[in-house]
Amino acid sequence: MTELNKTYDPATVERRWYEFWQDHGYFHADENQPGARFCVVIPPPNVTGSLTMGHVLNNALQDILIRYQRMNGKVTLWMPGTDHAGIATQNVVEKALAKEGLDRHTLGREQFLERVWGWKEKYGSTILLQLRRLGASCDWRRERFTMDPSLSRAVREVFVRLYEKGLIYKGHRIIHWCVRCQSALSDEEAITTEGGENGSLWHIRYPADDGGPGVVVATTRPETMLGDTGVAVHPTDARYATLLGRNVILPLMNRPIPVIPDDAVDPAFGTGAVKVTPAHDANDFDIGQRHRLEPLCIMTTDGRINDNGGAYRGLDRFEARKRIVADLEAQGLLVKTEPYRVPVRRCERCDTIIEPYLSDQWFVRMEPLAKPAIEAIKSGRLRFYPERWVGVYLHWMTNIRDWCISRQLWWGHRIPVWYCDDCPKLTVAREDPTHCAYCGSAKIHQDDDVLDTWFSSWLWPFSTMGWLDETPTLRRFYPTDTLITAADIIFFWVARMVMAGYEFMGECPFRDVFFTSIVRDMQGRKMSKSLGNSPDPLQVIDTYGADALRFTIVSAAPLGEDVRFADDRAEFGRNFANKIWNAARFCMMNMEAVGSRQTAVGSGDRAMLDLPERWILSRLQAVTDEVRASLDAYRFNEAAMTLYRFIWGEFCDWFVELSKLSLYGDDPAAKQRTRSVLLHTLEQILRLLHPFMPFVTEEIWQALPLPPTTDSIMVAPYPVADDALRDPAADAAVTRMIDIVRAIRNIRAELGIAPTTAVTARIAPAAGADGVAVFEPYLKTLARVTSIDVLAASERPPDEPSAVVPDVGEVFVPLRGAVDPAEVRKRLENEFKKVSKDLQSVDAKLGRPDFVAKAPADVVEKERARAAALAERSATLTRHLETLRRGS
RNA sequence: GGUCGCAUAGCUCAGAUGGUUAGAGCGCCUGCCUCACAUGCAGGAGGUCCGUGGUUCGAGUCCACGUGCGACCACCA
């Protein structure tokens with residue numbers, strides 16, 4: 001094998017193995033290969049995206065699952081691709097155009113789309129290239145894009161089918177309108193600010209038409225009064241009974257509008273009278289419908305007052321608000337202004353305040369689609385991890401509202417509807433028509449709008465597999481097994497995929513959904529560009545390595561909880577990779593003549609093995625079970641930490657040290673057995689760890705002096721526990737031995753005896769704790785003792801420093817013969833004096849009220865800690881000095 | 001307003017179905033460049049498991065209430 005460097009250098013290793021894997025076709029899933037299969041589809045990142053820590057966690061988990069199942073021998077498909085991300089991408093390209101002094105309208109639709117495609121070709125695969133750096137073992141030969149011809153065909157088919165089924169319709173109603181994006185949005189894209197935003201509640205008098213006082217209405221959006229066509233009060237509200245059926249005068253516009261009774265009004269809120277603006281509020285629209293009040297639109301699509309707004313025409317909506325309030329005040333009609341938390345919705349993409357706007361849009365009737373999706377989760381066909389998302393999902397599903405799918409954008413799937421100039425009928429078609437399907441007129445034109453991005457994403461699990469053709473891929477890999485995604489797209493994507501899966505494939509698109517943690521900064525804030533708290537994963541990979549980043553984030557992300565991350569946390573994973581690297585170096589250095597894989601460890605050899613070897617093999621079986629169980633239950637962090645503790649805390653800290661006894665000894669047979677166990681355990685560890693840290697495990701595995709059974713660790717079988725190698729007796733024995741070693745080391749440290757100074761030890765066994773004699777060779781090495789004597793049960797040397805070890809007895813470390821007890825005693829006495837003096841002065845300091853009151857809190861805390869440490873040391877010294885004094 | 005989650009060492013977090021002495025990493029203190037590793041080794045300090053009450057032989061773990069954070073949903077103008 002080649003010489004390994006002292007520290008692991010990920011940069012030189014990672015690219016090499018990634019290319020190796022790809023060149024060997026290991027990422028490719030062959031649908032013709034028989035056997036069990038496993039499939040995951042990637043949540044397609046936006047083409048505009050670049051890798052964030054959220055992607056890192058999400059895709060590391062998918063890769064772990066994929067690599068685990070691939071090693072389990074399954075035909076494994078991880079389907080990659082990107083989403084065209086309608087609004088997001090259009091925004092990016094429009095911004096680029098703006099820099100050239102252009103906008104999409106001057107370019108025109110066709111040229112603009114050419115520009116977007118050009119942009120997509122150039123930058124659209126950035127994020128997928130970045131995923132490769134992370135080690136993602138996606139089947140890149142199958143890369144898909146939501147606007148690929150075959151996926152577009154699926155979108156078109158779905159639209160037509162739903163239209164023919166009566167589940168897609170054009171509706172005239174209030175929708176969420178973004179005045180900046182100039183488009184309708186779905187309910188999910190309209191984000192409510194938590195707890196509302198600062199605003200006011202204006203109380204405005206609408207005088208009666210006979211000059212009477214009329215009513216006072218309360219509103220948070222006074223500018224909409226320009227479009228008021230009524231005032232509503234509760235039918236039983238005695239205060240307004242005399243006004244019902246009469247008119248009041250709309251101020252500023254001087255229009256008479258009726259006072260009408262409606263149950264939707266809460267008499268207890270505000271004044272109990274509500275201005276009704278059917279064109280600019282969803283509730284008011286409903287009230288208007290019930291009372292035949294005409295909606296009066298007073299705003300343009302870019303948020304300015306239109307011709308219906310009289311004197312306010314042309315003003316921006318918020319400017320109009322100010323002017324209207326001022327004018328009302330001037331006319332003495334503004335009764336009251338009170339500060340108020342106003343519920344506001346903002347555009348998910350650009351944060352602009354959304355305007356409820358009356359318009360014609362395309363909708364999907366969702367209720368029929370929701371039925372099987374509700375049944376799926378109730379019956380257990382579909383499972384969520386963690387389970388608590390079931391409630392959120394069901395609440396949304398059972399209260400589902402129709403989905404507004406039309407967007408007034410250019411980038412996306414054009415709505416396949418044609419209008420006829422000669423008849424009122426619509427032509428909805430799978431292929432672009434040349435004539436009206438009803439009257440045959442050639443004067444037809446296509447709907448200008450495109451579909452919501454999610455209208456293609458919801459088909460992702462089968463559109464990527466070639467649907468609507470019944471492809472071999474689809475037959476082999478649909479439905480998929482697990483979906484790993486962030487919970488913030490549970491409605492946007494997960495819920496709708498379930499509905500689409502049942503509607504078009506007749507089957508749930510996946511069995512399990514795992515919701516990942518949200519990655520936050522160390523203060524618990526969401527990562528965002530504006531806060532600058534979002535580490536660049538590529539930078540982290542460059543500094544610490546992809547394995548380090550993956551392992552760090554995965555081990556820190558518990559099921560169902562958020563995870564906090566800052567780039568230097570990746571030191572955790574880097575140090576671990578380096579630890580394994582060096583354990584491997586140690587193995588290599590001692591493997592000059594090792595046997596083949598066949599002579600590695602089998603259960604038949606067990607009786608021949610020494611205690612440490614039986615122990616580590618036994619522990620390896622337990623760990624194998626634990627890791628598998630954790631992975632099968634999607635407890636990724638638990639699996640990672642189990643491996644971390646085993647590899648570092650048991651294999652490296654104890655087994656490697658114990659193995660030196662034999663490796664540096666002169667029994668060739670024992671040496672050979674130890675080598676064999678060492679190599680076997682390391683090899684199994686690498687396999688267990690490979691899904692988490694693919695690069696470093698491959699690099700080491702390839703260097704092992706074993707004839708490989710496969711060309712890569714990534715296609716080697718994932719370990720299965722061998723019951724014959726379990727050894728509870730060895731487990732218990734080594735645990736006791738470790739306790740003895742620790743006790744002796746502790747005594748040495750407390751007495752200040754250097755680790756290089758040889759001492760002797762004596763053990764007084766507790767009742768039932770016999771057999772400590774077999775530990776002798778190991779204790780000699782690990783605790784640096786020259787001899788271990790077992791004392792008679794009743795013997796307790798009073799003058800020898802000792803420690804009680806549970807399940808073992810009392811361990812004594814006699815000084816005579818090793819060091820001069822008088823010298824130790826003198827040293828401890830001197831230290832005791834110094835400690836006492838220090839303790840006194842610290843105590844004095846802490847006793848001064850002005851210090852405690854005036855010094856910074858952390859300084860006081862530090863002094864307190866120092867006092868505690870000194871007191872502790874003082875007690876230890878006292879104890880040992882008492883023992884030593886008995887000896888002289 | 002409704003639903004849900006969280007609260008454990010200075011910090012970030014583990015602790016399935018309740019069961020001996022509550023763990024890890026980072027940080028801190030002491031001593032070490034010991035022939036795999038200073039990205040390391042050895043030893044150590046540090047916790048009224050948010051509060052109150054309850055169930056139980058036994059509660060960090062289950063129940064109720066409270067407090068403090070956080071998330072999601074909802075047409076209160």
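Note that the coordinates shown come from a computational prediction; the quantities given were computed from them, not determined experimentally. Hydrogens, waters and symmetry mates are skipped; everything else that's a heavy atom, side chains included, is used. Chain naming here is simple, since letters A, B, ... match the order of the sequence lines and numbering starts at 1 in each.
Using a 4.0 Å cut-off, some side-chain N or O of A:R345 falls inside it from OP1 or OP2 of B:C75. One finds a side-chain N or O of A:K6 lying less than 4.0 angstrom from the OP1 or OP2 phosphate oxygen of B:A38. Between A:N582 and B:G40 there is no side-chain N or O to OP1 or OP2 distance below 4.0 Å. Look at A:Y644 and you won't find any side-chain N or O under 4.0 angstrom from OP1 or OP2 of B:A14. Between A:R645 and the phosphate of B:A24, there is no side-chain N or O to OP1/OP2 separation shorter than 4.0 Å. The side chain of A:K579 contributes no N or O atom lying less than 4.0 Å from OP1 or OP2 of B:G25. Between A:R564 and the phosphate of B:U12, there is a side-chain N or O to OP1/OP2 separation shorter than 4.0 Å. For A:W654 and B:C41, the shortest distance from a side-chain N or O to OP1 or OP2 is not below 4.0 Å. Between A:Y664 and B:A36 there is a side-chain polar atom (N or O) within less than 4.0 angstrom of OP1 or OP2. At B:C72, none of the side-chain N or O atoms of A:R388 fall inside 4.0 Å of OP1 or OP2 (strictly under the cut-off). Look at A:R635 and you won't find any side-chain N or O under 4.0 angstrom from OP1 or OP2 of B:A14. Residue A:N283 places none of its side-chain N or O atoms closer than 4.0 Å to OP1 or OP2 of B:C76.
Rounded to whole Å, the separation between the C1' atoms of B:U55 and B:C62 comes to 8 Å. Look at the C1' atom in both B:U12 and B:U17: the space between them is 28 Å, to the nearest Å. Rounded to whole Å, the P atom of B:C69 lies 39 Å from the corresponding atom of B:U30. Atom C1' of B:A9 sits at a distance of 28 Å from the matching atom of B:C65, rounded to the whole Å. Going from the P atom of B:A64 to that of B:G25 covers 36 Å, rounded to whole Å. Nucleotides B:G31 and B:G47 are separated by 26 Å at their C1' atoms, to the nearest Å. A distance of about 33 Å separates the C1' atoms of B:U67 and B:C75, rounded to the whole Å. To the nearest whole angstrom, the two C1' atoms, one in B:C49 and one in B:A24, are 16 Å apart.
With a 3.5 Å ceiling on both atom-pair distances, B:A38 lacks any Watson-Crick or G-U wobble partner. Nucleotide B:C49 forms no Watson-Crick or G-U wobble pair with any nucleotide shown, as no partner meets the under 3.5 Å limit on both distances.
In this structure a side-chain-to-backbone donor-acceptor pair under 3.5 Å is missing from A:S200 to A:W202. A:R635 places no side-chain N or O within 3.5 Å of a backbone atom of A:A629 that could act as its donor or acceptor partner. Under the 3.5 Å distance criterion, the side-chain polar atoms of A:R550 are matched with a main-chain donor or acceptor of A:F692.
For B:A16, the base has no donor-acceptor partner in the side chain of A:E638 [N/O atoms by modelled type, under 3.5 angstrom].
With a 4.5 Å cut-off on side-chain heavy atoms, A:R675 and A:P705 do not count as touching.
Separating the CD1 atom of A:I647 from the P atom of B:A24 is a distance of 17 Å, rounded to the nearest angstrom.
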